Amino acid sequence: MYKAMVRFDTVVDAKKFVNLCNSVPFDVDLVSGRYVIDGKSIMGLFSLDLSKPVELRADCAPDDEFVEKIESFIVR
């Protein structure tokens, strides 16, 4: 399981992220407080408070190609 904090600055960023999530065969969840939504759902993503970073939980290894693709969204 890979975990990181991610942030979306624009609607275009959010759409790009969802498209990346839909391209992988494993589950991707976004966690904000007590809410857990499917990272592959654009409507779910927009239901979160995106003014703050949210936690990403993906069923992949830290060295997976997916992690490289979402590098621009990860908050360090």
Side-chain angles (χ1 to χ4, degrees):
M1 166 110 17
Y2 176 74
K3 293 182 181 181
M5 296 301 287
V6 293
R7 183 179 192 113
F8 311 102
D9 295 322
T10 66
V11 172
V12 175
D13 285 346
K15 288 181 183 179
K16 182 178 176 185
F17 179 81
V18 170
N19 287 336
L20 289 170
C21 290
N22 279 309
S23 71
V24 296
F26 48 82
D27 290 335
V28 179
D29 293 325
L30 294 171
V31 181
S32 179
R34 62 185 177 143
Y35 298 103
V36 178
I37 63 106
D38 185 354
K40 298 180 180 188
S41 167
I42 191 75
M43 293 302 289
L45 182 66
F46 286 128
S47 71
L48 297 177
D49 177 9
L50 298 179
S51 65
K52 299 179 270 186
V54 294
E55 182 182 1
L56 164 86
R57 295 181 186 168
D59 289 333
C60 67
D63 59 350
D64 193 278
E65 182 181 340
F66 173 70
V67 176
E68 292 176 29
K69 290 181 179 178
I70 63 164
E71 186 67 34
S72 64
F73 303 108
I74 296 175
V75 177
R76 301 273 176 210

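Since the structure is predicted, the reported quantities are computational estimates derived from the model, not experimental observations.
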For a quick test of reading the model, state the closest non-hydrogen atom pair linking [X] to [Y] and the distance between them.
{"X": "F66", "Y": "D64", "result": "N-OD1, 2.8 Å"}
{"X": "S47", "Y": "I37", "result": "OG-CG2, 4.2 Å"}
{"X": "V28", "Y": "C21", "result": "CG1-SG, 3.6 Å"}
{"X": "A14", "Y": "F8", "result": "CA-CD2, 4.2 Å"}
{"X": "S32", "Y": "V54", "result": "CB-CG1, 3.9 Å"}
{"X": "V67", "Y": "C60", "result": "CG2-SG, 4.2 Å"}

Would a hydrophobic clustering, with Ile, Leu, Val, Met, Phe, Trp and Tyr connected at side-chain separations under 4.5 Å, put [X] with [Y]?
{"X": "L30", "Y": "F46", "result": "yes"}
{"X": "V11", "Y": "I42", "result": "yes"}
{"X": "M1", "Y": "V31", "result": "no"}
{"X": "V36", "Y": "M5", "result": "no"}
{"X": "L50", "Y": "I74", "result": "yes"}

Distance, nearest 0.5 Å, that separates [atom1] of [X] from [atom2] of [Y]:
{"X": "D38", "Y": "L45", "atom1": "CG", "atom2": "CG", "result": "10.5 Å"}
{"X": "I70", "Y": "E65", "atom1": "CD1", "atom2": "CD", "result": "12.0 Å"}
{"X": "N22", "Y": "S41", "atom1": "CG", "atom2": "OG", "result": "9.0 Å"}

Please enumerate all residues that pass salt bridge (Lys or Arg N to Asp or Glu O under 4.0 Å) together with D49, with sequence neighbours excluded. K52
State whether the side chain of K40 and the backbone N or O of L20 hold a donor-acceptor pair below 3.5 Å, judged by distance alone. no
N-O pairing of D9 and R7 below 4.0 Å: yes
Inspect the contact between E71 and K69 and indicate whether a charged nitrogen and a carboxylate oxygen are less than 4.0 angstrom apart. no
Evaluate the ring planes of F17 and F73, with Trp represented by its six-membered ring, and classify them as parallel (under 30°), tilted (30 to 60°) or perpendicular (over 60°). perpendicular
More than 12 heavy atoms of other groups within 6.0 Å of Y35 OH: no
